[in-house]
Amino acid sequence: MFKKILIANRSEIAVRVIRAAREMGIKTVAVYSDADRESRHVAMADEAVCIGPGPSKLSYLDQETVLSAAKITGTDAIHPGYGFLSENADFAEACAKRGFVFIGPPPAASRKLGFKSAGKAVALAANVPVVPGTKGDITTDVTKEVEAIGYPVLIKASAGGGGKGMRIVRQASELKSQLEAAATEAKASFGDGSVFIEKLLERPRHVEIQIAADQHGNVVAFPERDCTVQRRHQKLVEESPSPALTPEIRRDMQAAAIRLAKSAGYQNVGTVEFLFQDGKFYFIEVNARLQVEHPVTEAVAGVDLMELMIRIAAGEKLPFDQERASQIRCHAIEHRINAEDPDNGFMPCPGRIESLELPGGAGVRVDTHAYAGYTIPSYYDSMIAKLIITAEDRPKALRRSLRALGELKVGGVKTTAGMHAKVVAHPMFMGGDFDTHFIEKTKLLDKEAAHDRA
Ligand code: ADP
């Protein structure tokens with residue numbers, strides 16, 4: 001087993017890695033930017049190295065500096081967290097070259113799946129249903145192909161992520177101009193202008209399968225996470241099990257995810273994302289990393305995914321089989337709490353947290369790097385905490401969510417906790433019957449819409 005792990009990340013996920021490592025008797029090295037000196041992950045780690053100024057390009061994304069920090073601290077392995085360098089195959093390769101184990105998938109597998117269009121090709125070859133669309137990235141005139149797919153369609157950036165780089169096209173006359181605009185935007189945002197087209201599903205749910213694969217050919221799939229409640233294609237609330245799946249569909253989805261992982265030579269943990277509509281599921285992409293919402297699966301399946309990642313990277317075999325991995329032990333819901341101002345179009349509101357009261361009690365887990373007196377820097381995303389609620393069934397989990405959200409008191413900055421309470425209390429959410437347009441349909445964030453138009 002490793003003796004020392006460097007965490008190439010910040011915030012709650014860095015804290016999460018430190019906790020798992022400490023439980024395993026592994027020393028940790030935090031890296032931090034100038035803006036993160038006061039962050040909890042820095043104080044918690046055994047050692048900490050400053051890797052540059054606030055902007056991520058000059059610190060958390062600077063591969064050479066991160067690798068130098070690993071070298072001077074005598075690190076064996078590097079955990080990339082999520083975001084930043086986590087899905088960068090070049091970085092994973094550079095780690096191996098310098099003699100550090102990258103705690104994540106092998107570069108070849110992330111390269112195969114990293115581009116959305118390439119991932120879809122792998123899925124098709126593994127007999128996994130995909131959303132109908134163009135074959136690969138668009139290089140020629142696709143008017144006829146799109147006609148056959150049928151409008152409305154969605155233009156997606158192959159290198160896209162974070163819900164960005166998607167455009168709806170409702171009629172043929174808009175196709176050419178929208179394709180050009182999408183390619184220009186993709187190039188500017190993701191450094192790669194490749195785009196492809198897929199059928200726009202009008203009322204899908206987002207349902208994903210967490211998988212784990214060891215270096216010995218064993219792959220398991222856990223119960224699904226339902227991440228249908230989204231804002232601008234970004235997840236807000238995640239739960240497991242999904243109120244929409246039958247045991248048969250769950251099994252089929254898990255089998256599809258395992259087929260895909262095996263055919264891509266995938267190792268370590270990852271997520272196979274699907275859209276689900278009218279009883280059918282369609283692959284959309286693989287996230288070749290641990291995701292923000294992983295604690296939902298940890299609760300439902302009774303597994304420590306962070307420890308599992310570390311053990312897999314160290315060469316250990318999966319400690320359980322598919323039957324054990326797919327057991328559903330409870331209902332779990334995660335709320336992503338962001339420092340945002342609901343009265344000002346949900347603009348991020350960095351600043352000093354003057355006071356902080358965290359919820360607790362049975363079935364409440366809080367993953368956070370925040371504390372009273374902590375100043376949220378403006379350089380990074382606005383998530384300050386995750387509330388993970390568990391209970392024996394969904395109705396009780398919802399009541400517990402409301403109780404815990406009510407207990408959360410953050411002084412000095414505004415948060416999205418109140419919005420989460422509105423989501424949970426909404427009859428449509430309570431009923432379990434909703435799609436990815438839930439937030440628009442319920443008009444829960446209308447102030448935000450007003451801001452977007454302004
Ligand atoms: P990203 O990598 O940016 O998160 P994804 O491909 O995972 O992009 O899609 C994010 C969200 O966008 C999905 O959860 C869903 O809400 C919406 N979406 C993606 N593809 C489609 C589609 N073909 N039809 C309808 N909605 C879609």
Side-chain angles (χ1 to χ4, degrees), residues 82-84 86-88 110 113-124 128-138 145-146 149-170 178 182 185-186 188-192 194-210 224-239 242 244 253 257 260 270-278 280-293 296 334 336 381 383 423 434-442 445:
Y82 50 67
F84 296 130
S86 61
E87 289 183 277
N88 185 324
S110 14
L113 300 167
F115 256 48
K116 287 184 203 290
S117 48
K120 279 184 85 170
V122 176
L124 269 174
V128 173
V130 302
V131 184
T134 51
K135 284 183 200 69
D137 293 328
I138 294 170
E145 220 178 320
V146 176
I149 295 164
Y151 289 92
V153 294
L154 195 61
I155 306 177
K156 291 171 103 170
S158 281
K164 298 193 187 82
M166 285 182 243
R167 272 162 191 263
I168 297 173
V169 186
R170 298 207 173 265
Q178 289 281 38
E185 196 180 272
S189 307
F190 312 111
D192 187 302
S194 316
V195 295
F196 66 102
I197 283 179
E198 90 190 0
K199 174 104 189 132
L200 177 80
L201 300 188
E202 301 271 18
R203 0 168 222 96
R205 296 184 80 108
H206 176 115
V207 183
E208 58 186 35
I209 300 285
Q210 173 77 57
E224 77 284 356
R225 292 188 291 256
D226 188 315
C227 315
T228 299
V229 179
Q230 302 181 348
R231 173 180 64 168
R232 295 191 217 102
H233 303 303
Q234 281 183 304
K235 299 160 190 171
L236 286 181
V237 178
E238 300 99 349
E239 67 177 314
S242 166
M253 252 185 192
L260 179 61
T271 298
V272 185
E273 295 192 327
F274 298 97
L275 294 180
F276 178 69
Q277 186 175 292
D278 301 327
K280 294 204 181 85
F281 62 86
Y282 308 88
F283 167 86
I284 47 170
E285 68 165 342
V286 170
N287 280 166
R289 55 174 160 82
L290 190 71
Q291 286 178 299
V292 174
E293 60 271 27
V296 168
E334 178 181 272
R336 300 186 186 198
D381 78 54
M383 193 176 76
V423 169
F434 52 90
D435 58 42
T436 52
H437 303 292
F438 171 81
I439 293 287
E440 297 147 45
K441 282 182 188 159
T442 54
L445 302 183

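Remember, it's 1-based here, ligands and their atoms both numbered in the order they're listed. Remember, it's a predicted structure, so these values are computed and weren't measured experimentally. Side chains included, hydrogens not; waters and symmetry mates left out as well; all remaining heavy atoms used.
- The only member of Glu334, Glu239, Glu208, Glu238 that meets side chain to side chain donor-acceptor pair (under 3.5 Å) when paired with Arg225 is Glu208.
- Rounding to the nearest 0.5 Å gives a distance of 7.0 Å between CD of Glu285 and CZ of Phe283.
- Other residues, nucleotides and ligands contribute only 12 or fewer heavy atoms inside 6.0 Å of the NZ atom of Lys280.
- Side-chain contact, Glu87 with Ser110: no donor N or O sits under 3.5 Å from an acceptor N or O.
- Side-chain N/O atoms of Ser158 and Ser117 include a donor and acceptor closer than 3.5 Å.
- When the ring pair (Phe, Tyr, Trp, His ring centres under 6.0 Å) test is applied to Phe438, the partners found at least two apart in sequence or on another chain are His426, Phe434.
- Within 4.0 Å of ligand 1, protein heavy atoms belong to Lys116, Val131, Leu154, Lys156, Gly160, Gly161, Gly162, Gly163, Lys164, Met166, Glu198, Lys199, Leu200, Leu201, His206, Gln230, His233, Glu273, Leu275, Ile284, Glu285, Thr436, listed by chain and number.
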